[in-house]
A.B. asks: 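Questions regarding the structure given below will be posed in turn.
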Protein chains: 2
Amino acid sequence: MTAEIVRTIPGAQKRTNDPEGMRKKVLDVAEASFQEKGYHGSSLGDLMAAAGVSGGALHHHFPTKKALGLAVIDERVAEAVAKTWIGPVLAAASARDGVRLVFEAAADELEKQGFVRGCPLNNLAHELSLADPDFRAALARIFRAWREAIAEKVRADQQNGGEKGIDPERFAALVIATYSGAMSMAKTAQEATVLRQCLAALPVSGQPAA
Amino acid sequence: MTAEIVRTIPGAQKRTNDPEGMRKKVLDVAEASFQEKGYHGSSLGDLMAAAGVSGGALHHHFPTKKALGLAVIDERVAEAVAKTWIGPVLAAASARDGVRLVFEAAADELEKQGFVRGCPLNNLAHELSLADPDFRAALARIFRAWREAIAEKVRADQQNGGEKGIDPERFAALVIATYSGAMSMAKTAQEATVLRQCLAALPVSGQPAA
DNA sequence: GACAAAACAGGACAACCGGTCTGTTTATAA
DNA sequence: TTATAAACAGACCGGTTGTCCTGTTTTGTC
């Protein structure tokens, strides 16, 4: 054992001018393109050009287009739902408050951008759920985690004496369905007002009346 | 003016063994395929084979694939929404009753089939809204007609002394968004229970509580 | 029957897509 | 230094797609 001490961690290679790896760049471009043009509407050639990546590099990190799609779903879409929905709801004073905050934040964001791309999860769910069982399973997992997080928040509120008289599972289903459908309508109409209308009609405001 | 009286209407020709026209056959096949495999996922070759139509015939009735897509949206999807939603709601005793009936009918149908294809309008809306302005406009028209029909039913109920305390526009937005989102979740989970959960959480039952 | 236009049939084509293949560079370990 | 394998580069190929083009048949009009 006259060899020197290893000074680099095996498996953690870094490129000269690419400290974070080319894989991340591809995922960034793919995530954006899948949302705007869909999975089938995004060709690998387009992604390669947009990311500045050669065909060999892309094939090295993602052997097939399906592998890239699954990576986007598992790593990016799931993270987006966790960041924009699950986190804020769990951090809010109550489930109802959290839902209202997220709806308002989403509407504000859409109006600020002036362009509605839709919900990443729903966009891919519609296109890929019936096309491939693996895609469907990956998307269903995200929906389930989303629902369970909201339902669990309601149960926690109820143990603290709040949110009486509502069914956790039903509330979670209603909230997610309404949000998804409202984003679908907003995307088609290219207008965010329907999101605020749905929020006002939901039983999360002062007067739950529709 | 010695000519005889015309005895046939110009432009209303009929084929020998095709009394209803080949155009209808193509629309039937395209409508079904677009819903299951999407617009981009349905190749003209597949449609030609499924409909038993030659390329020349298809090109004669629909010069481009986009023309076929617009025809499916304008003639079939709009009609489907009118038949399964607008009609039953207008015929019901009240808007709330109508919504509940349609939700239950949809859930029954899904459970009977054992397979969830999703809402035709939403499926195409997600795939085509951002892809083409003409598609988006056609789909937005259907959404708008859907919303206005439900809102108008609520207003009619209110003039008859019912459905007090609810905003017609908000109610319509909530109902359609919830239905669309619930169908999206049902499609991804391949299960119809979420539809019944959303119905129970909607303010159309005896106890509107979520 | 003669003529014109619509309604089809079916092949051909250029463009594109996803995947594969063979090199070349770079980093790690001995 | 040298061996080794990962990280890329870039050309290539078979298959598919949407569209177009040229014939042939049917339908309606004079």
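The sequence lines fix the lettering, A, B, ..., with proteins before strands; numbering per chain opens at 1.
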A.B. asks: Are OP1 or OP2 of D:dC8 and a side-chain N or O of A:H60 less than 4.0 angstrom apart?
C.D. replies: no

A.B. asks: Do the side-chain N or O atoms of B:H61 get closer than 4.0 angstrom to the phosphate oxygens (OP1, OP2) of C:dC8?
C.D. replies: yes

A.B. asks: Whole angstrom is fine here: how far is it from CZ in A:R23 over to P in D:dA6?
C.D. replies: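 From A:R23 CZ to D:dA6 P: 16 Å.
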
A.B. asks: Using the ring of each side chain (for Trp, its six-membered ring), is B:H126 parallel, tilted or perpendicular to A:H126, with breaks at 30° and 60°?
C.D. replies: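 Parallel.
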
A.B. asks: Once you round it to whole Å, what is the distance between P of C:dA6 and CE of B:M22?
C.D. replies: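 Atom-to-atom, B:M22 to C:dA6, this comes out as 18 Å.
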
A.B. asks: In this structure, are over 12 heavy atoms from other groups packed under 6.0 Å from A:R155 atom CZ?
C.D. replies: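 Result for CZ/A:R155: enclosed.
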
A.B. asks: Please report, rounded to the nearest Å, how far the C1' atom of D:dA9 is from the NE2 atom of A:H59.
C.D. replies: 14 Å

A.B. asks: Out of D:dT19, C:dG18, D:dC8, which nucleotide sits closest to the side chain of A:K65?
C.D. replies: C:dG18

A.B. asks: Does a side-chain N-to-carboxylate-O contact under 4.0 Å join B:D97 and B:R100?
C.D. replies: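 Yes, this pair counts.
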
A.B. asks: In whole angstroms, how far is the P atom of D:dT19 from the CG atom of B:L68?
C.D. replies: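 For the pair B:L68 CG and D:dT19 P, the rounded distance is 10 Å.
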
A.B. asks: Could you pick out which residue, B:G56 or A:G55, lies toward the 5' side of DNA chain C when each is mapped onto its nearest nucleotide?
C.D. replies: B:G56

A.B. asks: Output yes when A:D157 and A:R96 qualify as a salt bridge under the 4.0 Å nitrogen-oxygen rule, no when they do not.
C.D. replies: no

A.B. asks: Please report the shortest heavy-atom distance between A:L47 and A:A30, naming the atom on each side.
C.D. replies: CD2-CA, 4.0 Å

A.B. asks: Quick one, which residues of residues 39-52 of chain B touch DNA chain D with a heavy atom under 4.0 Å?
C.D. replies: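 B:S42, B:S43, B:L44, in order of number.
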
A.B. asks: To the nearest Å, give me how far apart NZ (A:K25) and C1' (D:dC8) are.
C.D. replies: 15 Å

A.B. asks: Got more than 12 heavy atoms from elsewhere within 6.0 Å of CD, A:E79?
C.D. replies: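 Incorrect, the count does not exceed 12.
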
